[in-house]
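All residue numbers refer to positions in the sequence shown, counting from 1. What you are looking at is a predicted structure, and each value in this text was computed from that prediction instead of being measured.
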Amino acid sequence: MTVPTLGMATGSESILSAELGAAAAAAATELGVNVRRVATVADARGVDVVLGIGYPVHYPALNDETVEGSRVAWLGEPLPPLDEPLADRVLRLVPMGRVLDASIAVAAFANRGRRPARLGRWREAAAYAYDRRYNVREHSRAFATGIKLVVTSADQAASLARRGIPARVLPFGYHRSIAGDPVSPSTGDRDIDLLVLGTATTGVPTRRARITRDTLAGLDAAVRVVVVEDGLWGATRTAMLRRARIVLNVHRVPGNYTGIRTMLAAAAGALIVSEPVAAPSPFVAGTHYVEADEANLATAVHEHLASQPRRVALAEACQALVLEQITMRASMERLLGSPQ
């Protein structure tokens with residue numbers, strides 16, 4: 001049997017994309033697949049599949065139509081929801097951000113620097129609309145150039161299908177190279193009650209920052225909280241997660257699927273307390289994680305800190321799902337087909 005060759009595209013990818021790419025390469029190697037790095041079109045000679053994590057534009061070889069092998073982009077970016085109201089669809093097509101930026105600047109000047117709350121909320125909505133508009137455009141362009149798309153959740157695939165773009169659904173699964181060895185939720189020195197990762201609470205006001213601040217303000221003073229403002233990567237992130245009882249998840253884009261964060265927390269034995277997720281499958285709220293609206297996140301944190309058996313049971317269920325079903329090896333086997 002011919003052993004396939006996987007080319008892991010490299011370029012200007014983010015740190016997280018590089019971590020996921022390394023985990024995908026390691027899982028493919030475990031399956032008996034030949035793996036090589038592909039930075040240029042020349043590197044792609046003899047490669048059966050060129051795979052990039054995230055936007056193809058970041059990878060010269062993946063983005064080049066002259067590459068002979070199959071080109072695949074594995075994407076996790078937010079897309080418009082299937083039940084998107086007509087008004088939101090119209091707004092998504094309009095570059096409202098620039099108009100609102102000018103309006104906010106004028107209003108703030110007139111109000112001696114105070115940013116009008118309503119205009120601020122509109123600006124946030126415009127930012128979410130732009131994010132989704134950009135992603136639809138980039139995914140459509142990639143598909144038009146012959147790139148095969150893989151997304152991480154069923155709602156993302158359905159959103160693309162409505163636009164005539166086929167996409168497979170494969171999660172970014174667990175692999176020890178990105179999440180470390182699993183740690184039982186009932187063991188370890190968990191000296192952090194609530195961990196908030198990569199959520200800026202200072203600087204330009206955002207929905208995520210506001211909800212995070214309000215949640216933290218609603219906690220008892222005895223709750224031990226750690227907020228990591230900047231990115232945390234690799235072994236340092238794993239060590240921090242292993243110290244946490246609960247990890248707070250506030251979406252960058254409302255309702256967005258957050259499989260990577262859930263997988264990382266589950267492997268470390270921490271429980272996710274999250275805003276509602278539009279389409280969380282295969283994770284189930286109340287079985288694998290805790291879901292609460294923004295007004296009740298602090299209450300949910302208190303309840304699950306007060307009940308260790310409940311917290312541990314949820315975290316154990318989520319960890320079992322991740323380790324047994326949502327693995328990078330399983331995803332790569334489906335993506336490539338195991339040669340064994």
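- Contact check for Leu297 versus Glu275: side-chain heavy atoms found under the 4.5 Å cut-off.
- The hydrophobic cluster containing Val169 also contains Ile165, counting ILVMFWY residues as joined when their side-chain heavy atoms lie under 4.5 angstrom apart, directly or transitively.
- Of the inter-residue distances, the one linking Leu79 atom CG with His139 atom NE2 reads 4.5 Å to the nearest 0.5 angstrom.
- Side chain to side chain, Asn135 and Tyr55 meet the donor-acceptor criterion of an N or O pair below 3.5 Å.
- Under the 3.5 Å distance criterion, the side-chain polar atoms of Arg162 are left unmatched by any main-chain donor or acceptor of Ala158.
- Inter-residue side-chain proximity for Val136 and Pro80 is flagged as met; some heavy-atom pair is nearer than 4.5 Å.
- Of all heavy-atom pairs spanning Leu75 and Gly54, the tightest one is CD2-O, 3.3 Å.
- Checked by atom type, the side-chain pair Asn63/Arg141 shows a donor-acceptor distance below 3.5 Å.
- We find the CD-OG1 distance between Glu30 and Thr327 to be 9.5 Å, quoted to the nearest 0.5 Å.
- With values rounded to the nearest 0.5 angstrom, Ile178 atom CD1 is found 8.5 Å from Thr238 atom OG1.
- Between Arg237 and Leu197, the shortest heavy-atom distance links the atoms CG-CD1, 4.4 Å.
- Summarising the geometry of Val47 relative to Asp43, their closest heavy-atom pair is CG2-O, 3.9 Å, with the distance given to 0.1 Å.
- Contact record, Ala292 with Ala300: CB-CB, 4.1 Å, taken as the closest heavy-atom pair.
- In this structure, Val290 and Arg310 have side chains that are not in contact, with every pair of non-hydrogen atoms separated by 4.5 Å or more.
- Put simply, the side chain of Arg190 gets close to the backbone of Arg242: a donor and an acceptor are under 3.5 Å apart.
- Side-chain contact between Ile192 and Arg224: absent, with no pair of heavy atoms (C-beta onward) separated by less than 4.5 Å.
- Ser281 has its side chain out of reach of Tyr257: every pair of non-hydrogen atoms, C-beta onward, lies at least 4.5 Å apart.
- Donor-acceptor pairing under 3.5 Å is lacking for the side chains of Ser307 and Glu303.
- Here CG of Leu195 is found 11.5 Å from CG of Asn249. Values are rounded to the nearest 0.5 Å.
- Taking all atoms of both residues into account, the shortest heavy-atom contact from Leu321 to Pro282 is CD2-O, 3.7 Å.
- Counting heavy atoms from C-beta on, the side chains of Val33 and Met332 never come closer than 4.5 Å.
- Inter-residue side-chain proximity for Glu294 and Arg210 is flagged as met; some heavy-atom pair is nearer than 4.5 Å.
- Across His175 and Met328, no two heavy atoms sit closer than the pair CB-CB, 3.9 Å.
- Criterion: ILVMFWY side-chain heavy atoms under 4.5 Å apart, direct or through other members. Under it, Trp233 and Phe172 are part of a common hydrophobic cluster.
- In terms of modelled atom types and a separation under 3.5 Å, the side chain of Thr215 and the main chain of Ile211 share a donor-acceptor contact.
- Under the 4.5 Å side-chain heavy-atom criterion for Ile, Leu, Val, Met, Phe, Trp and Tyr, Ile326 and Leu16 are members of the same hydrophobic cluster.
- In this pair, Phe283 and His288 present their aromatic rings perpendicular. The plane angle is above 60°, beyond the 30 to 60° band.
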Exercise. Does the pair Gln156 and Leu149 meet the rule for a side-chain contact (heavy atoms from CB on, under 4.5 Å), with working shown?
Worked result: CA-CA 11 Å; Gln156 293 167 339; Leu149 305 184; over 6 Å; no
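- Between the Thr212 side chain and the Arg208 main chain, a donor and an acceptor come within less than 3.5 Å of each other.
- Atom CZ of residue Arg311 and atom CG of residue Leu305 lie 7.0 Å apart, to the nearest 0.5 angstrom.
- Considering CZ of Phe143 and CG of Leu160, their distance stands at 10.0 Å, rounded to 0.5 Å.
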For this session: Show your working on side-chain contact (heavy atoms from CB on, under 4.5 Å) between Ile53 and Glu13 and close with a plain yes or no.
Result: CA-CA 8 Å; Ile53 309 296; Glu13 69 268 37; over 6 Å; no
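- Side chains of His304 and Leu314 form a contact here, defined as non-hydrogen atoms less than 4.5 Å apart.
- The local environment of CZ in Arg36 is crowded, with over 12 non-hydrogen atoms from other residues, nucleotides or ligands closer than 6.0 Å.
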For this session: Give the intermediate values and the outcome of side-chain contact (heavy atoms from CB on, under 4.5 Å) for residues Leu20 and Ile260.
Result: CA-CA 9 Å; Leu20 290 166; Ile260 298 174; 3.7 Å; yes
For this session: Apply side-chain contact (heavy atoms from CB on, under 4.5 Å) to Val228 and Val226, showing your working.
Result: CA-CA 6 Å; Val228 179; Val226 171; 4.2 Å; yes
